[in-house]
Structure formats: structure tokens, C-alpha cells
Engineer: 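Below is one structure. I have some questions about it.
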There are 2 protein chains.
Amino acid sequence: MRVSLKDVAARAGVSIKTVSNVVNNYQHVTPAMRERVQQAIDELGYRPNLTARHLRQGRTGIIALALPELGNPYFAELAAAVIDAAALHDYIVLLDHTGGRREQEVLVSQGFRARVIDGLILSPIELEAEDLRERTENVPLVLLGERHYDLPYDHIAVDNVAAARTAVRHLIDLGRREVAFIGARRGHSQPAHLRLQGWREELLSAGLSVDDGLIATTEGWGHADGAAAMTRILETGRRPDAVFAYNDPIAIGAMRVLSERGMRVPEDVAVVGFDDVVEGHFGTVTLTSVSPDKEAIARMAVESVLARLSGQAPEPRRVWADYRLIARESTLGRST
Amino acid sequence: MRVSLKDVAARAGVSIKTVSNVVNNYQHVTPAMRERVQQAIDELGYRPNLTARHLRQGRTGIIALALPELGNPYFAELAAAVIDAAALHDYIVLLDHTGGRREQEVLVSQGFRARVIDGLILSPIELEAEDLRERTENVPLVLLGERHYDLPYDHIAVDNVAAARTAVRHLIDLGRREVAFIGARRGHSQPAHLRLQGWREELLSAGLSVDDGLIATTEGWGHADGAAAMTRILETGRRPDAVFAYNDPIAIGAMRVLSERGMRVPEDVAVVGFDDVVEGHFGTVTLTSVSPDKEAIARMAVESVLARLSGQAPEPRRVWADYRLIARESTLGRST
DNA sequence: AGCCGGGCTTGCAACGTTATACGTCCGCAT
DNA sequence: ATGCGGACGTATAACGTTGCAAGCCCGGCT
């Protein structure tokens, strides 16, 4: 049986509250008393019951993190960063994944499984603004990632349009003129997503034409999706001299197809990804990528939740995290 | 303010307990009453307070999963599988990562942060048997992975020795005779780990010599470690014709180095990894790998925890999960 | 008519903790 | 000596839920 304050109190011959005071380092406790109680605690191996503490205090010390899929290394790395950031504040992280499915995202945002949590960090994919508008839950919610809602919630992300423009600019500066975009969302009600928008804007501002034949949609965001999309473009007979992919796995899937078809990266086709996952650092051709500052994103997300919990930060804010473009072999060639 | 049973009861004009009965689908409730209460619940937007429920019931519905690092896609994919398996039983998953550091693993196994959990699934790296022997926590613990303790805890893993032998056998069958092993643990007190043991056993049983110069240790288990280790082997002047890596990231890091030095995979060096992560399916050269049945591992881990929670399964058991060797280009060449 | 039993509802206690408010004791200033 | 304030310890009441046992009501049986 678990030992409770009551048991310790009985053993030490003091009241329950005094034991509680010792446990919580309440200041008005004589050293002698403190030691007596501490000894009883040690002898019995007492450990506080957090559930009870949380019931009493109305807080659980748990933050939920809901991501589309852990299989994507970007999200896995982000999850690790969030866990660490939360630990700094003595919070622990409950992890959920939504598969990027709207239905699941709605459930999570409504607090579905997790009536145990103090706050929620959600990285939505299909979730619509109306879903959030209907949200009745009152645990603090912080949004991550590319989607962009005009709603009173904190939102943390890199400036996707600007970041995408930087990536495309890099390709144009290399002299590329036919820049494909791989990873648009199929049949999505929302205005084309921000990275696609950045691609478009940068092409236009460089005086290049925007050619829908160079946009490939994907079902998901994995290697296989990138490979399939690249294949589709090539099968139309198009021969782009550059590819900007929605993320790194898609870029790597595309590079695989290029290599299968005997097209060289970067000589024939330069490739830029997004997220800067470790995997991209070690391929036969390493991948140029936009690198969001994951640690900063994680830190700011956790801090936003906590700020809201403590009633600070009344104004919902959009926070831009840092990013940089890291050029590697897929746009520069191998440096031997 | 959150609405509680009391508020609903007041609204519906019934007792708290009756509302509780409705919420819990207690059978002796008249349809009329059920409807009346349900209406009050809906109007007020009542949601049960799980903390209170758990305090009352002594269970939290939360399982902790402690992994070495999420950055390794194998663990990320495993985490996803565990979350899904737990969800089937209405359990949610608290995630922790230990960095594979003994100190952290001890903390976790002692229930460190998580006095909130019903059970713990731990994938240890450096943890020693003595650490577990001193364990005082009484929440069920299930161990995952390669380490192997002679202690009364459930343990779930693939048969690493046999799996490693299968991988090495595959290389030998291709006619390779100089098979390097990359990813041994540096300065580890425990007998050389099981995959290394399998490598050794299979070489011996094939009548080949076991050459310590072909064993490379690593600090961690990432791409960079594999690359560094491969570099070290090559710099001794050795030219193995095959590599068996502790896991896929190490294998991929090694392949990168081979490619930098102009050695072809698989023609000059055949490579086999372990874990079958998605990344390996899409490199310029796809990676042959041992594929553990992650879903099965996750399922069995969760079920073991739950069985122990409900007092079943008195005998701690070691369970072997399925695995298969999936041959790809890194041992077969590109099929086109 | 009275009793019994089962279906339905309820009051109470308890899970383990902390906040509040109070009581006691001591030392010090008056 | 008396009064006062601060330091220290404690009793009690919550937090929101569910298990238990008891109570009520009604139909059917004796």
C-alpha cells in the first residue's frame, strides 16, 4: 500500500499538516521538527501523491503536445525539445498524435482524452478556424506551425512565406529558372499554404512565370509522397532544374526518384527542403534546407502556455521563430 | 470556473450521485431521469474531472514511456505505436527521454517525475541490473530493447542475437568475408551487447575469423557516430567488403562516408542496418535492414503493463517479438 | 391489507493533499 | 507583572469523484 501523509504523521507523532509543511518547505518549522518528520518520511519511503495534490491545487503539471505524426523526424525532434523545455519548468509532457486528420485535431483541441492537462500545444494540419471558434475548452491552447488562424490564440512559427522565399531565392540565384514546388495540399479549402505562397511570390518578384504544371500535390508529408509527386511531374515530360519541397522527407523522396532516373543533384536539378532534419545531413547528397530554430519554438510554446496559466499575457500573440537557410550539396555540389 | 457534478446536480434537481450514475452509465437509471440529467450536462458543458476520478480510483489512466532519444526515428516510430496501442485501452502516454544516460534512467525507473502514472515502459541503455534491484517503486515496469537483465520484470524485444546472425548470414551468403561491425558500446561494463555477439557467433559458425580491427565503437547511435566510426576503420587501412551496423542511422552515416571516399555500395561494400526506419527506404542506395515488428512490440508492452496492473500475469516473462530481414539495394544492387 | 423484493435514488464517507484560520507558546517591550 | 506580536503547530474544510449502504417507492404475492 502507498504511504500517505497520514502514515508519516502517525509515525512522527505530529499532525498531517505539519508533515505537509515539511514536505513543502514551509518556512516556520523548527529544525528539530523538520528532522523528526524527515526521518519518518525516509523510514516509510513516503512520496507525495501528485494526483491528490493536483486535485487540491487545480493544476496537474502536465502539458499535452499534439503533433501530426512522430514518424516525421521534424516533429520527433520538436517533441524532444518541448519535453526538455517543459522539464525546465517542472512540467511533464503528454504526447498525442493526430495523423494530421481534422477530426482528430478537433477532438484534441476540445480536450478529448486529456482532461488531465493544464495546457495544450497543438500543431494543426487540417483544423479549420471554425473548429477553433467552437472550442469550449478553457485550458490554454498554443498553436504551432504553418497554419495561420485569425483567432485569439498564441501562435508560434517561423515566417513561412519569408522562409520559402529565401529558399526559392537561393535557387534562383543559382541560375535556376524552372523551380518546381512539391508538397502542396490536395483539395484543401484553405488558401494555398504559406510555403507555396512564398514560392509563388518569389518567382514573380524575380520576373519568372508561375507555372501550375510545376506544382505537385501530395497526400501526406513523407518520403513516399515526395517520390510519387516527383514521378508525376517527370511523367508529364517536364524537366524542372530545381525543386523546392514542402519538407525534407518529401525532398529526399524526390531526390531518390531523380537519382533513379539518372538525373544528377545538384547538376541537373537543385533541391531545397524544409525543416533541416538530421537525415538530410547524411544522404549521398546532403540536403539544403530551411532550418527553423526548434529549440526556440519549443521554448516559446511552453512559455506561452505557462504565461497564460498564470494569467499573464492577456493579448494573444503571434511569435516568429528564427530560421536560416543551410546550403548543402543538393544545391552546391560536393565540396571535397 | 469548471463545472462539477455538484453544479449539474443542482441544475437537474437531483443528487450528485445520480449525476455520477448517469455519467458512468450505471444501469439502474430510468430513461426519463437519464435524459433530464443528460440535458443539464449538455447545457452546462460538464466534463468529468479526471484528476478527482483518479484520486478516488487510485488509477490515472496514464502510462509513461521512457526512451533514449526521440531523434532516432526508430524510437519515434515506436513511440507512435505505443501511443496507439495505449489508446486502444483508453490509456494515454506520458513521454520522457533519457538520453540513454544511466543517471536519468535510474531516475525514471524510480518514478522520478511521474507519481502520476500507472505503469512504465522503459527502454534502457546504460541502466544496470543493480539499479533495478534497488528499485522501490511499485508501479509495473516493462523493459524494452536490447539490454537483458536477469530480474523479475517483463521484457520485450526481438531476439537480438538471432537477428544479428541473420543479418551477418545474409552478408556471408553474398560472398563477403570481411564484415565490419559498427556501433559497439565504448567502455561498457556489460558483456558486449547482443548484436555484436550475434555478429561474432555467425562469423565463427561460418568458419571466418573474428577480427577486432573490424569492430568500431561509437559514442551514440546517430548518423554522425556511424560516419565517424566508418572513417576510423578506413583510416586504419582496412577495407572491409561488408558492414553490419548497430542501427540504421549508423549504417546511413557509414554509407555516406563510403560514398565520399568513392567506394560503391553494394559493389565494394555491402551494408546492413537494424531497425528498418523509413529513412532507409529512400536513400540514393536503399538500406537492407533488420525490421523488428514495432507494432507488436508496442502492443505487447502496453498489454504487459495492463496485465500487471490488473494483477494478472504473476510470472515475469521475456517475450520475443517478430523480425525479418528486408533486403534492399545496399546488399543487392539497384534493380532496374 | 400487509409484506416482500427489486428497481431506482440518495447521503455519506473516503481518496491524499493543501489553505485557512486558529491556538499556543515564547520573548520582549511596557 | 502584563500585554503584545511573531513563530510555530494543528484542526478542519475543502478539491471532485465514486463505493457503499441505506432509503424510498411501487407492484405483486400471500
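Order of the sequence lines sets the chain letters (A, B, ...), proteins ahead of strands, with each chain counted from 1. Side chains are part of it too, since the values below use all heavy atoms of this structure and drop only hydrogens, waters and symmetry mates. Please read all numbers here as calculations on a predicted model, not as lab measurements.
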Engineer: Look only at the side chain of A/E105 and the backbone of A/L127, and say whether a donor-acceptor pair between them is shorter than 3.5 Å.
Structural biologist: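 Present.
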Engineer: With each end axis built from five pairs of C1' atoms, what bend angle do you get for the helix from C/dA1-D/dT30 to C/dT30-D/dA1? Round to 10°.
Structural biologist: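 Between the axes fitted at each end of the helix from C/dA1-D/dT30 to C/dT30-D/dA1 lies an angle of 70°.
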Engineer: Do A/R56 and C/dT17 share a donor-acceptor pair, side chain to base, under 3.5 Å?
Structural biologist: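 When only heavy-atom distances are counted, A/R56 does not reach the base of C/dT17 through any donor-acceptor pair under 3.5 Å.
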Engineer: Show the numbers, then the answer: is there a ring pair (Phe, Tyr, Trp, His ring centres under 6.0 Å) between B/Y153 and B/H155?
Structural biologist: CA-CA 6 Å; B/Y153 291 110; B/H155 183 269; over 10 Å; no
Engineer: Is there a side-chain contact between A/L143 and A/I156 (heavy atoms, below 4.5 Å)?
Structural biologist: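 Contact flag for A/L143/A/I156 side chains = no.
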Engineer: Rounding to an integer number of Å, can you tell me how far B/L5 CG sits from C/dA14 C1'?
Structural biologist: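 Atom CG in B/L5 sits about 15 Å away from atom C1' in C/dA14.
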Engineer: Does B/E35, at its CD atom, have more than 12 non-hydrogen atoms belonging to other residues, nucleotides or ligands within less than 6.0 Å?
Structural biologist: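 Check fails, neighbour count at 12 or below.
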Engineer: Does anything in residues 13-29 of chain B reach DNA chain C, meaning a heavy atom under 4.0 Å, and if so which residues?
Structural biologist: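 Within this stretch, B/V14, B/S15, B/K17, B/T18, B/N21, B/Y26, B/H28, B/V29 sit under 4.0 Å of the strand.
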Engineer: For atom CD of B/E103, decide whether the heavy atoms of other residues, nucleotides or ligands shown that lie under 6.0 angstrom number more than 12.
Structural biologist: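 Result for CD/B/E103: open.
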Engineer: Below 4.0 angstrom from OP1 or OP2 of D/dG16, is there any side-chain N or O of B/T51?
Structural biologist: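 No, outside the criterion.
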Engineer: So, does B/T30 get its side chain near the phosphate of C/dT9, meaning an N or O under 4.0 Å from OP1 or OP2?
Structural biologist: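 So the side-chain polar atoms of B/T30 do come within 4.0 Å of the phosphate oxygens OP1 or OP2 of C/dT9, strictly under.
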Engineer: Measuring from atom CG of A/L141 to atom CG of A/L132, what distance do you get when rounded to the nearest 0.5 angstrom?
Structural biologist: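 Result: 6.5 Å between the selected atoms.
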Engineer: So which atom in A/H97 and which in A/Q104 form the shortest heavy-atom distance, rounded to 0.1 Å?
Structural biologist: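 Answer, listing the atom of A/H97 first, then A/Q104: O-CG, 4.3 Å.
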